[in-house]
Amino acid sequence: MEFLSWNVENHVATVTLNRPPANALARGVILEVNSLLDEVEHDENVRVILLKGEGRFFSAGADIKEFTTVTSGEEFSKLASSGQTIFERVETFPKPVIAAIHGAALGGGLELAMSCHIRLVAENAKLGLPELQLGLIPGFAGTQRLPRYVGFAKAAEMLLTSEPISGKDAAAFGLANHAYPEEELFEKAGELANKIATKSPVAVKAALEMLQFVKTSSYHEGVKAEANAFGTVFVSEDAKEGISAFIEKRQPVFKGK
Ligand SMILES: C/C=C/C(=O)SCCNC(=O)CCNC(=O)[C@H](O)C(C)(C)COP(=O)(O)OP(=O)(O)OC[C@H]1O[C@@H](n2cnc3c(N)ncnc32)[C@H](O)[C@@H]1OP(=O)(O)O
């Protein structure tokens with residue numbers, strides 16, 4: 001694998017996203033997440049997966065620079081659907097997946113983290129869905145998962161302002177299970193993963209399966225609508241402006257077209 005490395009110790013597979021400088025989730029990275037799941041799903045030595053990022057961030061989201069290579073709304077909808085499918089596999093995976101988030105989990109990075117079963121964060125991390133700043137919307141089920149954790153009003157504020165919240169606030173709002181000083185994060189995450197790894201894999205699998213019943217049919221309709229809207233919004237002039245503004249390191253000027 002090019003962008004993920006992993007090692008197994010005490011039945012815990014620690015998986016590291018490694019795509020400098022921001023662990024942006026280019027298509028290839030998301031496909032590798034899927035391949036990683038293929039590798040560990042039937043490996044009896046792996047009971048828990050702990051996901052983290054190398055460098056300054058967990059992940060700054062989808063690769064904005066890669067967006068400039070996609071042209072049609074249909075292609076963007078497909079990109080969103082395939083990401084949604086892989087993140088859904090994370091959420092329905094029969095082994096617990098824990099995200100340890102330092103630095104930032106933004107856009108697709110937060111969407112990946114929200115598909116994990118448990119999130120531990122550094123107090124000073126930034127968590128958010130800033131897609132509207134780019135003239136876009138989230139496309140990897142973020143519009144559906146975020147309100148499930150933080151409630152409608154906070155999700156609306158986070159989406160509509162594009163402003164991230166701190167790890168400390170993420171724990172207070174229920175987006176993260178716990179927040180720790182950054183220097184303690186990975187040790188605490190390892191302890192939690194080791195604790196879960198001592199449980200019966202049969203019972204753990206059943207518990208995870210039962211938790212999936214909280215999803216409603218409107219959730220599944222919502223992610224489908226999100227992928228379609230992602231494609232429609234992406235071919236707007238405002239999206240071109242938002243993406244160019246990010247790359248040119250300036251503020252976007254949106255015209256409503
Ligand atoms: C369906 C899903 C859709 C999406 O996920 S859309 C993407 C949503 N994500 C974002 O909008 C986040 C964008 N990034 C940022 O806001 C900032 O960056 C950070 C807060 C993560 C970090 O800020 P700072 O510490 O000032 O560093 P820096 O100089 O902005 O970034 C370091 C390098 O990382 C590249 N980078 C950051 N995020 C992305 C990204 N999402 N896609 C591609 N590249 C990214 C930058 O361009 C730059 O690179 P260079 O040093 O070559 O200028």
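Indexing begins at 1, ligand by ligand and atom by atom, following the structure's order. In this text, all values refer to a predicted model and were calculated from it rather than measured experimentally.
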Check: Is it true that Arg19 and Glu66 make a salt bridge, defined as a side-chain N closer than 4.0 Å to a carboxylate O?
Finding: no
Margin query: Under 4.0 Å between a side-chain nitrogen and a carboxylate oxygen: does that hold for Lys224 and Glu221?
Written below: no
Margin query: Check this for me: Glu184, atom CD, are more than 12 non-hydrogen atoms of other residues, nucleotides or ligands nearer than 6.0 Å?
Written below: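 For Glu184, atom CD is crowded (more than 12 foreign heavy atoms under 6.0 Å).
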Next item on the list: Please answer whether the main-chain N or O of Met114 pairs with a side-chain N or O of Tyr149 as donor and acceptor at a distance below 3.5 Å.
Entry: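 Side chain of Tyr149 to backbone of Met114: a pair is present.
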Next item on the list: Taking His117 for its side chain and Glu91 for its backbone only, find out whether a donor-acceptor pair lies under 3.5 Å.
Entry: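 Yes; at least one donor-acceptor contact below 3.5 Å.
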Next item on the list: Any pair with a residue in residues 25-49 that passes side-chain hydrogen bond (donor to acceptor under 3.5 Å, both in side chains), sequence neighbours left out, goes on the list, sorted by first then second residue, please.
Entry: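 Of all non-adjacent pairs touching residues 25-49, those that pass side-chain hydrogen bond (donor to acceptor under 3.5 Å, both in side chains) are His11-Asn45, Asn34-Arg89, Asp38-Arg89, Glu41-Arg89.
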Next item on the list: Report all protein residues having a heavy-atom distance below 4.0 Å to some atom of ligand 1; order the list by chain, then number.
Entry: Pro21, Ala22, Ala24, Arg56, Phe57, Ala60, Gly61, Ala62, Asp63, Ile64, Lys65, Phe67, Leu106, Gly107, Gly108, Glu111, Pro130, Glu131, Leu134, Gly139, Phe140, Phe230, Phe246, Lys249
